[in-house]
Amino acid sequence: MEAGIVSRSFENMADYILGIESSCDDTSAAVLKDGLLLSNVIASQQVHKDFGGVVPELASRAHELNIVPVVSQAVAKAGIKPSDLSAIAFTRGPGLLGSLLVGTSFAKALSLSLEIPMVMVNHLQGHVLASFIQEEGKEYNPPSFPYLCLLVSGGNSQIVRVDSPLDFEILGQTIDDAVGEAFDKCSKMMGLGYPGGPVIDRLAKLGDPDRFKFAKPRVPGLDYSFSGVKTSLLYFVRDELKKDPEFMEKNKEDICASFQKTLIEILMDKLVKAARQTGIREITIGGGVSANSGLREAVLAEGRKRGWKVHLPEFRFTTDNAAMIAMAGLFRLRSGERAPLDIAPVSRIADF
Ligand code: KG4
């Protein structure tokens with residue numbers, strides 16, 4: 001059965017679109033009216049904190065508990081009734097399959113009961129298009145096409161060329177770990193907790209970024225690698241701790257500052273190269289790691305030097321949120337796309 005059989009037509013109505021995001025450990029729902037954000041509710045799962053990472057089984061269970069109240073709140077905060085909704089956009093993947101199943105199944109049920117169409121969204125494309133979300137009383141300054149997006153999160157590190165809201169080309173990506181994974185794993189190794197990015201970011205502000213040097217990868221083209229720098233930090237800390245068991249505690253600010261600086265330099269080298277190769281000067285960043293203060297400063301500084309027009313996302317749109325899913329979904333709906341009711345979520349980007 002196709003969602004296209006539903007009686008209400010997206011094109012003929014005010015576009016109240018509900019976004020649903022459940023790819024990892026945040027249950028989120030948002031409502032957009034013609035691209036203007038009316039609500040964005042996020043329930044972050046605390047249950048993973050003691051495990052040093054997201055536990056897939058626990059994530060799916062928490063989504064199942066959260067999804068109904070989160071969607072209800074998003075609709076209520078938007079000041080509309082469920083029957084005012086004209087379409088639903090949901091994250092199809094990539095992500096944790098059990099988590100994605102909760103959002104996808106909920107979207108199908110709601111689509112059937114409200115008799116409205118639904119559209120699937122690639123989570124990563126949501127991050128890449130987050131700069132198009134409009135907010136009441138805030139300046140609207142989206143990038144012009146074509147633009148480059150440095151997409152950096154716990155699962156991905158990519159440079160994406162965006163030619164239209166529907167045309168994406170991955171110019172480079174990590175061949176091993178994602179940069180967020182490097183932040184998280186190294187933080188865990190240093191006993192600083194999870195997620196590692198925010199802690200390292202905070203401690204880095206207090207330290208000397210030039211004190212320690214870590215190995216940088218030599219990867220051809222525009223691809224990234226972060227496993228080597230992670231290992232470099234691991235061996236360095238292990239060797240220093242043999243000499244002084246207090247080394248970590250005494251030097252954690254400098255270690256974090258130096259490690260973060262290395263990660264940012266790796267990211268920026270390839271972004272600069274991509275901009276040079278393509279001649280594109282409209283630059284955005286997205287994904288959880290785009291909240292990093294050092295990275296944001298580095299992109300702005302490089303932009304000033306090279307005449308780029310830089311678009312930094314609002315902090316609340318850097319991590320997983322349904323507003324960006326609704327935004328990406330709106331573009332897809334307007335292009336005529338619809339998801340059939342037998343659509344299944346996918347865990348890997350290669351399956352899109
Ligand atoms: O996009 P995201 O919320 O989730 C997925 O990857 O699905 O990204 C999470 C990642 C984690 O690795 C986290 O450590 C990192 O974003 N992160 C940061 C910062 N805030 C979150 N990394 C560096 N600096 C930050 N301020």
Side-chain angles (χ1 to χ4, degrees), residues 21-28 40 42-45 48-49 51-56 59 63 91-100 103 121-130 149-158 160 173-174 177-190 192-207 209 224 226-227 229-230 256-257 259-268 284-299 312-325 328 345 347-349:
E21 156 62 29
S22 71
S23 64
C24 190
D25 60 340
D26 291 310
T27 317
S28 180
N40 185 36
I42 304 176
S44 297
Q45 303 176 1
H48 311 285
K49 278 224 150 55
F51 297 93
V54 177
V55 183
H63 282 304
T91 304
R92 185 187 179 205
L96 301 171
L97 204 63
S99 292
L100 291 163
V121 172
N122 175 331
H123 176 85
L124 302 177
Q125 293 176 2
H127 278 300
V128 170
L129 295 170
C149 179
L150 175 67
L151 180 55
V152 276
S153 70
N156 292 278
S157 306
Q158 301 179 334
V160 185
Q173 60 190 322
T174 182
D177 291 351
V179 63
E181 231 174 316
F183 272 108
D184 291 339
K185 286 184 178 163
C186 289
S187 167
K188 195 172 170 183
M189 186 183 83
M190 293 188 281
L192 299 175
Y194 171 86
V199 191
I200 293 181
D201 192 359
R202 182 171 50 77
L203 290 171
K205 286 184 189 144
L206 310 170
Y224 286 118
F226 292 98
S227 70
V229 62
K230 187 187 70 188
C256 286
F259 179 62
Q260 179 171 297
K261 183 184 175 194
T262 311
L263 294 181
I264 292 171
E265 281 175 358
I266 297 170
L267 290 172
M268 291 307 299
T284 67
I285 55 177
V289 180
S290 70
N292 185 270
S293 56
L295 177 62
R296 294 170 84 92
E297 276 165 29
V299 177
L312 295 181
E314 292 269 336
F315 279 104
R316 62 200 189 101
F317 299 138
T318 58
T319 47
D320 292 347
N321 66 87
M324 67 182 195
I325 301 303
S347 56
R348 294 177 327 133
I349 194 166

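We count ligands from 1, going down the list as the structure has it; atoms in each ligand are counted the same way. For reference, positions follow the sequence shown, starting with 1.
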> Of all the atoms in ligand 1, which lie at a distance below 4.0 Å from a heavy atom belonging to Gly180?
Replying inline: 12 (O)
> Please state which protein non-hydrogen atom is closest to atom 17 (N) of ligand 1 and give its distance, to 0.1 Å?
Replying inline: Gly288 O, 3.5 Å
>> I'd like to know whether ligand 1 has Gln260 as a neighbour, heavy-atom separation below 4.0 Å.
In response: no
> Among Ile285, Leu151, Thr284, which one satisfies side chain to side chain contact (heavy atoms under 4.5 Å, CB included) with Val128?
Replying inline: Leu151
> Which pairs pass side chain to side chain donor-acceptor pair (under 3.5 Å) with one or both residues in residues 193-202, sequence neighbours excluded?
Replying inline: Asp201-Ser293
> Got the closest protein heavy atom to atom 24 (N) of ligand 1, with its distance?
Replying inline: Asn292 ND2, 3.0 Å
>> For a quick test of reading the model, state the closest non-hydrogen atom pair linking Ala178 to Gly154 and the distance between them.
In response: CB-O, 3.6 Å
> Got an N/O contact under 3.5 Å between His123 and ligand 1?
Replying inline: no
>> Within this structure, what is the CG-NZ distance for the pair Leu295 and Lys261, rounded to the nearest 0.5 Å?
In response: 14.5 Å
> To the nearest 0.1 Å, how far is atom 10 (C) of ligand 1 from its closest protein heavy atom, and which atom is that?
Replying inline: Gly154 N, 3.5 Å
> Which of the atoms in ligand 1, numbered in the order shown and given with their element, are less than 4.0 Å from a heavy-atom of Gly155?
Replying inline: 6 (O)
> Among protein heavy atoms, which sits nearest to atom 7 (O) of ligand 1, and what does the distance come to when rounded to 0.1 Å?
Replying inline: Asp320 OD2, 3.5 Å
>> Considering non-hydrogen atoms of the protein only, which is the closest contact for atom 22 (N) of ligand 1, and what is the distance?
In response: Gly197 CA, 3.2 Å
> What heavy-atom pair brings Cys24 and His63 nearest, and what distance separates the two atoms?
Replying inline: O-NE2, 2.8 Å
>> Only heavy atoms of Ala291, strictly under 4.0 Å: list the atoms of ligand 1 that pass.
In response: 26 (N)
> Which of the atoms of ligand 1 are close to Thr319, meaning less than 4.0 Å from one of its heavy atoms?
Replying inline: 3 (O)
>> Does ligand 1 come near enough to Pro195 that some N or O of the ligand is less than 3.5 Å from an N or O of the residue?
In response: no
> What protein heavy atom is closest to atom 11 (C) of ligand 1, reported as residue, atom name and distance in Å?
Replying inline: Asp184 OD2, 3.4 Å
>> Going by salt bridge (Lys or Arg N to Asp or Glu O under 4.0 Å), name the pairs with one or both residues in residues 316-325, residues two or more places apart or in two chains.
In response: Glu135-Arg316
>> Starting from atom 15 (C) of ligand 1, what is the nearest protein heavy atom, named by residue and atom, and what distance separates them?
In response: Val289 CG2, 3.9 Å
> Should the proximity of Asp201 to ligand 1, defined as any heavy atom under 4.0 Å, be assigned to the side chain, the backbone, both, or neither?
Replying inline: side chain
